[in-house]
Undergrad: 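Take this structure, written in structure tokens, and hold onto it; I'll ask about it next.
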Amino acid sequence: MTLTSIETAVLVTVVDAPGTLTSLADQLPPHWRVESAELADVDHTDLLVIGGANGARIRAAVRQHPGTPVVGVVDPYATAEHVVEVLEAGADACVRSGLPALVGSHLRACHRRRAA
């Protein structure tokens with residue numbers, strides 16, 4: 001199969017969000033690949049998912065991978081202030097749930113914005 005310009009291979013790296021990783025690949029296009037890694041071990045990725053996100057973790061991800069879209073995953077009951085902290089630290093999106101379908105939707109949106 002030849003990938004068109006719309007169907008280019010995309011690497012999604014999930015950091016510290018094991019529940020999200022379980023079925024995230026099922027929510028993404030078939031030509032996308034999902035891997036799990038520690039942030040310090042990520043060499044290259046197209047999109048990052050940071051579990052247990054807070055301002056410091058997001059700033060570290062943005063410093064290590066400038067220009068790479070970052071989706072922060074926080075506790076479903078995180079306060080509005082916590083969500084704002086994650087977004088102000090540089091996350092492109094902040095999800096109050098590790099639900100793979102919701103995280104996948106944000107990843108697709110981040111990828112579309114990056115491609116535009």
Undergrad: Identify the two heavy atoms, one from W32 and one from L107, that lie closest to each other, and give their separation to 0.1 Å.
TA: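 Closest approach of W32 to L107: CH2-O, 4.0 Å.
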Undergrad: For residues V73 and V103, determine if any side-chain heavy atom of one lies less than 4.5 Å from a side-chain heavy atom of the other.
TA: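 A side-chain contact exists here, since the closest heavy-atom pair is under 4.5 Å.
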Undergrad: Once rounded to the nearest 0.5 Å, what's the spacing between atom CD of E85 and atom SG of C94?
TA: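 SG of C94 is found 9.5 Å from CD of E85.
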Undergrad: Just wondering, are more than 12 heavy atoms of other shown residues or ligands nearer than 6.0 Å to CG in D41?
TA: yes
Undergrad: Indicate yes or no: at least one non-hydrogen side-chain atom of E35 is less than 4.5 angstrom from one of V14.
TA: no
Undergrad: Does a side-chain heavy-atom distance below 4.5 Å link V42 with H65?
TA: yes
Undergrad: May I ask you to decide if V10's main-chain N or O and R33's side chain share a donor-acceptor pair within less than 3.5 Å?
TA: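 Looks like no, no N/O pair under 3.5 Å.
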Undergrad: State, to 0.1 Å, how close P69 and C110 come at their nearest heavy-atom pair, and which atoms those are.
TA: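 Reported closest heavy-atom pair: CB-CB, 3.8 Å.
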Undergrad: Within a strict 4.5 Å, meaning less than it, do heavy atoms of the P100 and D26 side chains meet?
TA: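 Counting from C-beta outward, P100 and D26 never come under 4.5 Å.
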Undergrad: I want to check something: taking the side chain as every heavy atom from C-beta on, are V74 and V95 in contact at a cut-off of under 4.5 Å?
TA: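 They are not in side-chain contact.
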Undergrad: Determine whether a donor-acceptor pair (N or O, by modelled atom type, separation under 3.5 Å) exists between the side chain of Q27 and the backbone of G104.
TA: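 It does not hold such a pair.
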Undergrad: Minimum heavy-atom separation for D92 and T68, please, with both atom names.
TA: OD2-O, 4.1 Å
Undergrad: State, with a plain yes or no, whether a side-chain heavy atom of V12 is found less than 4.5 Å away from one of D46.
TA: no
Undergrad: Which pairs pass side-chain hydrogen bond (donor to acceptor under 3.5 Å, both in side chains) with one or both residues in residues 54-63, sequence neighbours excluded?
TA: D16-R57
Undergrad: List the residues meeting salt bridge (charged side-chain N to carboxylate O under 4.0 Å, His left out) with R108, not counting sequence neighbours, and say none if there are none.
TA: none
Undergrad: Quick one: CG on L39 to OG1 on T45, what's the gap to the nearest 0.5 Å?
TA: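 The CG atom of L39 sits 10.5 Å away from the OG1 atom of T45.
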Undergrad: Can you check whether T13 reaches S36 side chain to side chain, under 4.5 Å on heavy atoms?
TA: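 Heavy-atom side-chain distance check fails, nothing below 4.5 Å.
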Undergrad: Would you confirm whether R114, through its side chain, and A109, through its main-chain N or O, come within 3.5 Å as a donor-acceptor pair?
TA: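 Not a single qualifying donor-acceptor pair exists.
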Undergrad: Is it the case that the side chain of H44 and the backbone of L11 share a donor-acceptor pair, with hydrogens and angles ignored and the cut-off at 3.5 Å?
TA: no
Undergrad: Compare every heavy atom of L48 with every heavy atom of A61, then report the nearest pair and how far apart it is.
TA: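 That would be CB-CD1, 4.1 Å.
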Undergrad: Test side chain to side chain contact (heavy atoms under 4.5 Å, CB included) on V62 and I58 and set out the steps.
TA: CA-CA 6 Å; V62 169; I58 296 298; 4.1 Å; yes
